[in-house]
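What follows is a set of notes on a single structure, which appears directly below.
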Amino acid sequence: MALCRVSVLGLRAARGGSQIRQRLRLRSTEKKLAGDFLHQQSLFSHQTFRNAGGPAGAPGPGTNHSLYAAIVGVSALGAGIYVYRTVQRDKARFCERTSYLSSRRETDLKEVKVTETVDEKKAVKEEVKTTGIVDDKTAPQTVESALPEQLPSHVPFLLIGGGTASFAAARSIRARDPGARVLIVSDESELPYMRPPLSKELWFSEDAHVTETLRFKQWNGKERSIFFQPPSFYVPPEQLMSVENGGVSVLTGKKVVHMDVRENKVKLDDGTQISYEKCLIATGGIPRSLPAIERAGEEVTKRTTLFRRISDFRSLEEISSSVGSITIIGGGFLGSELACALGRKGRQTGLEVIQMFPESGNMGKVLPEYLSHWTTEKVGREGVNVLLDAVVKSVNYQNGKLHIHLKDGRQVQTDHIVAAVGLEPNTELAKSAGLELDGDFGGYRVNAELQARNNVWVAGDAACFYDIKLGRRRVEHHDHAVVSGRLVGENMTGAAKPYWHQSMFWSDLGPEVGYEAIGIVDSALPTVGVFAKATEKDTPKRAAEESGTGIRSESEVTETGQVDDVKPPASSLDFAPSQQGDNYGKGVVFYLRDNVVVGIVLWNIFNRMPIARKIIKDGEQHSDLNEVAKLFNIHEE
Ligand SMILES: Cc1cc2nc3c(=O)[nH]c(=O)nc-3n(C[C@H](O)[C@H](O)[C@H](O)COP(=O)(O)OP(=O)(O)OC[C@H]3O[C@@H](n4cnc5c(N)ncnc54)[C@H](O)[C@@H]3O)c2cc1C
């Protein structure tokens, strides 16, 4: 407000100044008029006396006395009339002038007032822009006036977050209501895109301009963009409410900072207010960092990447071409995928790639121990130096290098760190909206219909939902974002459906090894694995070639999820040994809770997810899981 007040005071001073000047001008006009009058009077007297003094040839005193008196009389009369007329004229002019001046003053004041209001608004707008905070006392008027001219102030469907879940919701809203008007607000500068290729295919691209094009070759060789749709798909936000058949608009680079669920409205970081009829919160998550990195100070944090967005891919791509060594902290999907991608690059460029994590093998929190160890060997073969059981104690920057000190005394020197140590669901809006968060899993707590409050739903990574089959959960995967976003879209248009479709997820360690999973896959649960020899067909690359899709969940989108008859195929009763030595070429891993299958990993087995889904949905106890494994035809050559 300081800025605003200063400008208002300035205007008042200017206004005061002009009033004073006007008053002075008025006085000088009065003086001038009076002065003119006096001047005319003195002129007249002067002329009279000159005439009275008589020039040469003037009539003499005796003879012309009466004539002289008559002339003087007439002159005096004429002068009197002249003076009278002049005074009257001047008086009229004076009145006219003063009334003009006073009317002028009123107009001036009006003009000043209008300018002042506009300037005040400008000042408030500037302030909101720089601080991102709207003074609540002035908010209603200023926010209203700060609204960019054509932006809709009210939309039927408002989706917060421009990620996968929001995009899926937009698509499903439009599928059920073809005229729907949907506004997505995203704090990223890009249109909605898929994240999985950022740690996979994009790194294997041969295009030197891949960081700009963001196009990649799927494992099946087909090229595509990471963006769900080209810009032409979207309606400019200012046309959303007027365009004939509605559409989807994306407001990029804007963050929702406040949510009023009672009034059905949100406030953006530029102060704009938008009200809605139905709202989706799909704000995803923020990558976690390590306390040891946070404590270490700027020299360390500026040499650390937390990987989530397109901008992170771009910067890590550049860094990996300019430094000698990169260390990835974290052994989960993201860390392992990036390790494989960078390891492969390093084999060509000489970049040293180190991966470290506290578990005894890659993806140790998900895969049973033997499979996790096998994966670590595979990652090692990609050229990555994997450090197991590595707990980071501290990090410092010295002599141009980062020094990572482990709890067991080991030390690693490196140029750059990628911290892939998990995600914090983005629940920044919980406070203003008064929404409940889940104490165990994090995220917004929603019911089986993914609803948090009346007219408010949550989907994707940020939702802690009630799965009617497996209980309360939160899932951080692409396909879940698609499935939950789609369900919310249906429910926002009146379907009132519960969450029933188990989403899947996948991870690929390059084009040759990958897996798909469903349900609760936690290595702390008892597991049963059945393996067979893999053939050339059993790779993510071949799976993509056969299905014609690169992003696995898209094949999920087309299938119905209905598998009515799940019976072991008669031809596969000959059961091969469950594994060949330590070669886990392909197989099925069942995760059990109370002897019931609650999760399944399909290791190098692709496009059989509907069968896995059916097994989990049935929730039956199985006495022989080898028999159940036959359902996946794992012994097919
Ligand atoms: C590199 C990478 C690779 C992955 N690979 C796989 C994989 O192989 N398989 C798999 O199953 N999953 C994978 N995932 C996970 C998957 O991408 C996520 O689960 C999915 O993106 C979640 O979608 P979402 O819409 O919930 O959140 P997001 O995609 O994160 O979208 C949320 C968006 O909301 C924006 N936002 C947040 N707050 C606000 C606000 N207040 N106002 C406006 N905008 C806001 C965020 O900036 C973000 O753009 C991967 C993730 C990453 C990062």
Side-chain angles (χ1 to χ4, degrees), residues 132 158-170 183-203 226 228 250-259 266-270 274 279-287 305-313 316 330 332-338 341 363 366 418 420 422-430 432-433 443-444 450 458-463 465 474-486 488 503-509 514-518 521 540 550-554 556:
L158 179 72
L159 316 183
I160 306 173
T164 308
S166 269
F167 182 77
L183 178 66
I184 296 176
V185 181
S186 173
D187 63 359
E188 289 195 60
S189 51
E190 280 91 8
L191 292 171
Y193 62 92
M194 59 188 85
R195 298 183 197 275
L198 296 179
S199 56
K200 303 178 191 64
E201 294 94 335
L202 285 176
W203 289 96
I226 71 165
F228 291 115
V250 187
L251 198 54
T252 53
K254 300 277 178 209
K255 185 171 179 169
V256 175
V257 291
H258 190 276
M259 194 173 173
V266 300
K267 198 186 285 179
L268 309 187
D269 50 359
D270 65 357
I274 303 173
C279 179
L280 164 66
I281 301 174
T283 47
I286 302 158
T305 299
L306 304 178
F307 198 88
R308 180 88 183 159
R309 297 179 165 198
I310 287 176
S311 53
D312 302 322
F313 164 69
L316 188 61
F333 317 106
L334 184 58
S336 302
E337 287 175 0
L338 285 173
M363 297 192 258
V366 171
V418 178
L423 190 81
E424 210 51 65
N426 188 338
T427 53
E428 284 171 10
L429 292 170
S432 60
Y444 296 96
L450 307 184
V458 189
D461 288 2
F465 60 103
R474 193 173 65 77
V475 179
E476 294 169 3
H477 290 300
H478 177 91
D479 189 51
H480 171 70
V482 173
V483 169
S484 61
R486 194 171 53 199
V488 162
S503 64
M504 53 82 80
F505 69 88
W506 78 99
S507 179
D508 295 336
L509 301 174
Y515 66 87
E516 296 180 352
I518 192 164
V521 287
I551 293 296
R552 308 285 170 69
S553 70
E554 287 182 354
E556 294 285 291

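Every number for a ligand or one of its atoms is a count from 1 in the order of the listing. Nothing fancy with the numbering, it's 1 onward along the sequence.
Ring orientation note: the planes of His480 and Phe465 are close to parallel, at an angle under 30° on the 30°/60° scale. Using cut-offs of 30° and 60° for the angle between ring planes, the Phe307 and Trp203 rings count as tilted. Between Trp506 and His478, the angle of the ring planes goes over 60°, which puts this pair in the perpendicular group of the 30/60° scheme.
Remark: ligand 1 atoms within the under-4.0 Å shell around heavy atoms of Gly284 are 26 (O), 27 (O), 30 (O), 32 (C). Atom numbering of ligand 1 starts at 1 in the shown order; those under 4.0 Å from a heavy atom of Val185 are 43 (C), 44 (N). Listed by number with element, the atoms of ligand 1 under 4.0 Å from a non-hydrogen atom of Ala282 are 32 (C), 33 (C), 34 (O). Using a 4.0 Å cut-off to heavy atoms of Gly162, the atoms of ligand 1 that qualify are 33 (C), 34 (O). If you number the atoms of ligand 1 from 1 as listed, the ones under 4.0 Å from a heavy atom of Phe505 come out as 11 (O). Heavy-atom proximity to Gly460, at under 4.0 Å, picks out these atoms of ligand 1: 26 (O). The distance from ligand 1 to the heavy atoms of Phe307 drops below 4.0 Å at these ligand atoms: 1 (C). Set against the non-hydrogen atoms of Thr164, the atoms of ligand 1 under 4.0 Å away are 21 (O), 23 (O), 25 (O), 29 (O).
Judged by the shortest distance from any of its heavy atoms, Glu428 lies outside the 4.0 Å radius around the atoms of ligand 1.
Considering backbone and side-chain atoms alike, Asp187 places an N or O below 3.5 Å from some N or O of ligand 1. The shortest N/O to N/O separation between Val256 and ligand 1 falls below 3.5 Å. For a threshold of 3.5 Å applied to N or O pairs, the pair formed by Asp479 and ligand 1 contains no separation below that value. Between Arg309 and ligand 1, at least one N/O pair is under 3.5 Å apart. Checked against a 3.5 angstrom limit, the closest N/O atoms of Ala165 and ligand 1 fall inside it.
Note that the NZ atom of Lys200 and the CG atom of Asp508 stand 6.5 Å from one another [nearest 0.5 Å]. Atoms CZ and OG, on Arg474 and Ser484 in that order, are 12.0 Å from each other to the nearest 0.5 Å. A distance of 11.0 Å separates CD1 in Ile226 from CG in Leu191, rounded to the nearest 0.5 Å.
Contacts between Asn426 and ligand 1 below 4.0 angstrom, taking non-hydrogen atoms only, involve the side chain exclusively. Only side-chain heavy atoms of Leu334 come within less than 4.0 Å of ligand 1; its backbone N, CA, C and O stay farther off.
Atom 30 (O) of ligand 1 has its closest protein heavy atom at Arg308 NH2, 2.6 Å. Among all protein heavy atoms, the one lying closest to atom 4 (C) of ligand 1 is Pro196 CA, 3.6 Å. What sits closest to atom 39 (C) of ligand 1 on the protein, heavy atoms only, is Thr283 CG2, 3.7 Å. Among protein heavy atoms, the minimum distance from atom 31 (O) of ligand 1 is reached at Gly163 CA, 3.3 Å. From the protein, the heavy atom lying nearest to atom 22 (C) of ligand 1 is Asp461 OD1, 3.2 Å. Ala481 CB, 3.4 Å is the protein heavy atom nearest to atom 23 (O) of ligand 1. Among all protein heavy atoms, the one lying closest to atom 12 (N) of ligand 1 is His478 N, 3.0 Å. Shortest contact from atom 9 (N) of ligand 1 to any protein heavy atom: Trp506 O, 3.1 Å.
Ranked by closest heavy atom to atom 6 (C) of ligand 1, the top entry among Lys200, Glu188, Lys254, Arg195 is Lys200.
The closest side-chain heavy-atom distance from Leu334 to Leu423 is not below 4.5 Å. Between Val475 and Phe505 there is no side-chain heavy-atom pair separated by less than 4.5 Å. Considering only heavy atoms from C-beta on, Val256 comes within 4.5 Å of Leu268 through its side chain. A heavy-atom distance below 4.5 Å is found between the side chains of Ile281 and Met259. Put simply, the side chain of Met363 reaches to within 4.5 Å of the side chain of Tyr515, judged on heavy atoms.
Between Leu198 and Tyr193, the shortest heavy-atom contact is CD1-CE1, 4.1 Å. The minimum heavy-atom distance linking Gly163 with Pro192 is given by the pair O-CB, 4.4 Å.
Checked against Lys254 for a side chain to side chain donor-acceptor pair (under 3.5 Å), the options Asp187, Asp269, Asp270 give a single hit: Asp270.
A salt bridge is absent between Arg195 and Asp312; no separation between the charged side-chain nitrogens and carboxylate oxygens falls under 4.0 Å.
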